[in-house]
Novice: 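This is the structure I want to talk about, given as structure tokens.
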Amino acid sequence: MSKRFYITTAIDYVNGQPHLGHAYEKVITDVIARARRSLGEPVFFLTGTDEHGQKVQQAAQAVGKTAQAYCDELAAQFQALTVALNLSNDDFIRTTEPRHKAVVSALLTKLHDQGDLYKAPYRGWYSWKEETFLTDKDRGPDGTFAPTWGEVTELVEENWYFRMSRHQGWLLDHLEAHPDFVQPDYRRNEILGFLRSVALDDLCISRPRARLSWGIPLPFDPDYVNYVWFDALTNYFSVPAALGDPGALEPLGAYAPKAEGRRPKVEGRSAGDEVRSPEAEVRLWPADVHVIGKDIVRFHAVYWPIMLHAAGVPLPHQVLVHGWWQKDGEKMSKTTGNVVDPLAVVRDWGVDAFRYYVVRELDIGPDGNWTDAGFRARYTAELANGLGNLVNRSLAMLQRYRGGIVPARSDELATEVLQTASRLTAQLRAHQLQAGLITIWGLVNRANQYVDQTAPFKLAKDPAQASRLDAVLYNLVETSRILAVLLWPFLPTTAARITQQLGLNETPDHLSAADWGGLAPGHRIGQPEPLFPRKE
RNA sequence: GCCAGGGUAGCUCAGCGGUAGAGCAGGGGACUCAUAAGCCCUUGGUCGUGGGUUCGAUUCCCUCCCCUGGCACCA
């Protein structure tokens, strides 16, 4: 089997509840994943949680739980989010899983044996209360540390470092040679600017176990655990390796852990069945797209490629960087309460309304602004009155005038529909999701216009116009069918409902079905039902 | 402080040498299949400021102001 299109989200740190930012990143990743499947490519979509580290250890302690129990609870919440958002992820990685830890250890052992890691002392100001080193940024205006830090003393601590700095020139060359490696371009330019102007330091990759126990031990020095980088970033690589992907195991050579042979287990999903077939050989690495937020660009565009390069592992093809959401023009903050709870929106408006709004409102890259009024406006105008009403009036007229029986084929809208599908295909390949929705709605609007121009409700009153009415009705229901196919990556539930109302059994999950003439004359459609009920 | 991007209709943005466009919002109209939805028409702008180049600048150049992002520094 050929290599799958392998796409990942960032893994979420389990120090709080899932919020809009988490949900947004997962939705756009899911749309890309579904789009590639719809285009006929095998896909592997990975998401998960980042569970080690001091904050987790402290948070667990604060509520009197073990770190593991605390992580289990929060991981369950993030897994519930993937279900609520109707994500088609093929696996869900938790960094506390043995399959992940084994790969992290293998990678580090290889680097250690190669001499890419070294131990060195670190001297700094340490807050015993907060259990962290402070920097000059933490000093007050008078040069002292604020009392909130508690006792602060100068401390010397040995730690392990990764020889990152020596790869700076190589990375710069790589970025210059691969314009797609970081997208959008302005993010790439920022990284290029950074690499040209700043000398990279080596990366501190450990914490003494005495100070931080909740982490993956360094395989060559049991007094230390991993600090962030090789733990969190490696998740993208550890899943393919654990699944036995030769593309991931071969670079590790003798260091490779034994593959579990376990196939990804994600319950209750419909998409990507072929991906989960147990016989299929898993070929994922290198990853095609890492979807991340702008706050972690440097880790993914600098640290991660250098880590992989040093280990002799092929690099992912692209880091795709999205922006952040504001609420009503202001930063979302728990303390002020101006937050958007994605689960509440899904509950009140439906998962597809949520998916639609976030993809339609914000292009991948810039920051966006969530307003409840804007959400409501798009829901009403574009989903209910646009798409929903079109499908509803089209099916209702076929039921009323032709008893729900599809008439003879007519190709009046065929050209426009195929042009839409063609344009959308190109946009999906380019990850232009917002543009894709605009393209689809161009067809929605055209079809609504077509109803008024052809006025089937007038034709129905004149028996002499029967064949003309047939033609118009065919164009409308066939357009509705193809809309379901086009919408699938974005609004899978809605797409399935349209197909179902059309009385079809298949799932509209392949763009190849967007070919004109798929509805057979004589087919009996089902009953129309509003897709997006108007709210009050 | 340095680098990049941006300031165009009430809102979100496109245009980038020949005195401006889209969507939404606002106004009007004809219709009735439909979730009182949809369709058609339409009012809105001295294109951030001040200069310059040009026959002519929103469009090119310079100054300044403001916003956003990145980096650095200080705290």
Side-chain angles (χ1 to χ4, degrees), chain A residues 134-146 182 184-201 293-298 301-302 321-324 326 328-331 350 353 357 360-363 365-371 373-402 404 434-435 437-439 441-442 444-461 465 469 472-473 475-477 480 494 497 501 527-536:
Chain A
L134 305 177
T135 68
D136 287 341
K137 277 185 295 191
D138 299 312
R139 290 182 191 273
D142 57 352
T144 65
F145 293 103
V182 180
D185 278 331
Y186 52 87
R187 294 293 171 208
R188 173 171 175 267
N189 290 338
E190 284 170 10
I191 293 296
L192 284 171
F194 169 74
L195 287 172
R196 285 176 184 137
S197 64
V198 178
L200 285 177
D201 290 327
K294 64 180 186 179
D295 51 325
I296 52 177
V297 176
R298 194 191 299 174
V302 178
V321 185
H322 69 252
W324 283 2
Q326 293 190 320
D328 301 323
E330 291 176 3
K331 187 177 162 74
Y357 179 74
R360 178 61 184 80
E361 180 69 24
L362 179 56
D363 194 17
D367 286 350
N369 187 28
W370 178 295
T371 64
F375 181 93
R376 185 175 285 268
R378 289 206 186 278
Y379 180 92
T380 302
E382 294 161 21
L383 292 175
N385 299 348
L387 172 66
N389 192 233
L390 170 69
V391 172
N392 196 241
R393 68 200 304 208
S394 298
L395 303 204
M397 284 192 283
L398 186 64
Q399 282 291 355
R400 180 194 278 227
Y401 303 139
R402 290 294 181 264
Q434 181 190 49
L437 282 180
I438 291 170
T439 295
W441 255 257
V444 169
N445 295 334
R446 170 62 185 124
N448 270 321
Q449 179 192 54
Y450 178 78
V451 174
D452 279 73
Q453 288 175 341
T454 58
F457 39 87
K458 285 181 181 164
L459 298 172
K461 292 173 181 158
Q465 300 275 18
L469 177 59
V472 169
L473 292 175
N475 279 283
L476 288 173
V477 284
S480 298
T494 301
R497 288 180 69 201
Q501 290 181 23
Q527 283 301 317
E529 187 187 329
L531 296 168
F532 299 94
R534 283 174 61 84
K535 300 275 188 176
E536 74 237 40

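This one's a predicted model, so the numbers in the text were calculated from it and none came from an experiment. Both backbone and side-chain heavy atoms feed into the values below; hydrogens, waters and symmetry mates do not.
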Novice: Would you measure the distance from the C1' atom in B:A30 across to the matching atom in B:C40 and give it in whole Å?
Specialist: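 Looking at atom C1' only, B:A30 and B:C40 are 8 Å apart.
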Novice: Considering residues at least two apart in sequence or located in another chain, which fulfil the side chain to side chain donor-acceptor pair (under 3.5 Å) criterion with A:Lys458?
Specialist: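 Here no residue qualifies.
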Novice: Suppose we screen for side-chain contact (heavy atoms from CB on, under 4.5 Å). Which residues come up paired with A:Asn392, at least two apart in sequence or across chains?
Specialist: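 Only A:Pro528, A:Pro530 meet the side-chain contact (heavy atoms from CB on, under 4.5 Å) criterion with A:Asn392.
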Novice: Using the 3.5 Å cut-off, write out each protein N or O paired with an N or O of nucleotides 68-73 of chain B and the distance between them.
Specialist:
{"from": "B:G69", "atom 1": "O2'", "to": "A:Arg187", "atom 2": "NH1", "distance (Å)": "3.1"}
{"from": "B:G69", "atom 1": "O2'", "to": "A:Glu190", "atom 2": "OE2", "distance (Å)": "2.9"}
{"from": "B:G70", "atom 1": "O4'", "to": "A:Glu190", "atom 2": "OE2", "distance (Å)": "3.4"}
{"from": "B:C71", "atom 1": "OP1", "to": "A:Arg298", "atom 2": "NH2", "distance (Å)": "2.8"}

Novice: Can you sort out the partners of A:Asn385 under side chain to side chain donor-acceptor pair (under 3.5 Å), two or more places apart, ordered by chain and number?
Specialist: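 Scan of A:Asn385 (side chain to side chain donor-acceptor pair (under 3.5 Å), adjacent residues dropped) gives A:Arg534.
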Novice: ring-ring contact (aromatic ring centres under 6.0 Å, His included) with A:Tyr401: which residues, sequence neighbours excluded?
Specialist: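 Applying ring-ring contact (aromatic ring centres under 6.0 Å, His included) to A:Tyr401 gives none.
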Novice: Between A:Leu531 and A:Gln501, is a side chain to side chain contact (heavy atoms under 4.5 Å, CB included) present by the stated rule, with each step listed?
Specialist: CA-CA 10 Å; A:Leu531 296 168; A:Gln501 290 181 23; 3.6 Å; yes
Novice: On a whole-Å scale, what distance lies between the P atoms belonging to B:G5 and B:G45?
Specialist: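 B:G5 and B:G45 have their P atoms separated by 31 Å.
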Novice: In terms of base orientation, is B:G44 syn or anti, with the syn window spanning 90° either side of 0?
Specialist: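 B:G44: syn.
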Novice: Does some side-chain heavy atom of A:Asp367 sit less than 4.5 Å from a side-chain heavy atom of A:Lys294?
Specialist: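 A side-chain contact under 4.5 Å exists here.
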Novice: Distance between the P atoms of B:G69 and B:U63, in whole angstroms?
Specialist: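 Rounded to whole Å, the distance is 24 Å.
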Novice: I'd like to compare against my own output: the B/S/- annotation of nucleotides 34-41 of chain B with a strict under-4.0 Å heavy-atom distance to protein.
Specialist: BB-SBSS-
Novice: Determine the Euclidean distance between corresponding P atoms of B:C73 and B:A25; express it in Å to zero decimal places.
Specialist: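 Straight-line distance between the two P atoms is 49 Å.
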Novice: Using a 4.5 Å cut-off on heavy atoms from C-beta on, say whether the side chain of A:Trp370 contacts that of A:Phe375.
Specialist: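 A side-chain contact under 4.5 Å exists here.
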Novice: Please report the distance separating the P of B:G27 from the corresponding atom of B:G18, rounded so that it comes out in whole Å.
Specialist: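 Nearest-Å result for B:G27 against B:G18 at atom P: 36 Å.
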Novice: Report the residues that fulfil salt bridge (Lys or Arg N to Asp or Glu O under 4.0 Å) with A:Arg497, sequence neighbours left out, ordered by chain and then residue number.
Specialist: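 Counting only residues at least two positions away or on another chain, A:Arg497 forms a salt bridge (Lys or Arg N to Asp or Glu O under 4.0 Å) with A:Glu529.
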Novice: State which residues pass side chain to side chain donor-acceptor pair (under 3.5 Å) with A:Arg402; sequence neighbours excluded, sorted by chain then number.
Specialist: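 Partners of A:Arg402 under the side chain to side chain donor-acceptor pair (under 3.5 Å) test: A:Asp470.
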Novice: Minimum heavy-atom separation for A:Tyr379 and A:Lys535, please, with both atom names.
Specialist: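 Taking A:Tyr379 first and A:Lys535 second, the nearest heavy atoms are CE2-CG, 4.1 Å.
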Novice: What is the distance from CD of A:Gln434 to C1' of B:C13, rounded to the nearest Å?
Specialist: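 After rounding, the reported distance stands at 10 Å.
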Novice: Can you check whether A:Leu200 reaches A:Phe194 side chain to side chain, under 4.5 Å on heavy atoms?
Specialist: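 Yes, their side chains come closer than 4.5 Å.
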Novice: Can you name the residues that form a ring-ring contact (aromatic ring centres under 6.0 Å, His included) with A:Trp324, not counting sequence neighbours?
Specialist: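 ring-ring contact (aromatic ring centres under 6.0 Å, His included) check on A:Trp324 returns nothing, list empty.
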Novice: Quantified in whole Å, what is the C1' atom distance between nucleotide B:C24 and nucleotide B:C61?
Specialist: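 Going atom to atom, C1' in each nucleotide, I get 36 Å.
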Novice: State, to 0.1 Å, how close A:Ser394 and A:Leu476 come at their nearest heavy-atom pair, and which atoms those are.
Specialist: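 So the minimum-distance heavy-atom pair works out to OG-CB, 3.6 Å.
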Novice: As a test of your reading of the structure, name each stem of RNA chain B as range with range, where a stem is three or more consecutive Watson-Crick or G-U pairs at under 3.5 Å.
Specialist: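 Output for stems: B:1-7 with B:65-71, B:10-13 with B:21-24, B:26-29 with B:39-42, B:50-52 with B:60-62.
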Novice: Identify, with sequence neighbours excluded, every residue that meets side chain to side chain donor-acceptor pair (under 3.5 Å) alongside A:Arg360.
Specialist: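 Once residues adjacent in sequence are excluded, A:Arg360 has no partner under the side chain to side chain donor-acceptor pair (under 3.5 Å) criterion.
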Novice: Please give the distance between the C1' atoms of B:G44 and B:C11 as a whole number of Å.
Specialist: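 Rounded to whole Å, the distance is 13 Å.
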Novice: Work out how far the C1' atom of B:U12 is from that of B:G29, and round it to whole angstrom.
Specialist: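 It works out to 28 Å between them.
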Novice: Along nucleotides 6-12 of chain B, 5' to 3', which nucleotides get a B, which get an S, and which get a -, given that the test is a protein heavy-atom distance under 4.0 Å?
Specialist: -------
Novice: Expressed as a whole number of angstroms, how long is the span from A:Gln326:CD to B:C67:P?
Specialist: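 So the CD-P distance, A:Gln326 to B:C67, works out to 14 Å.
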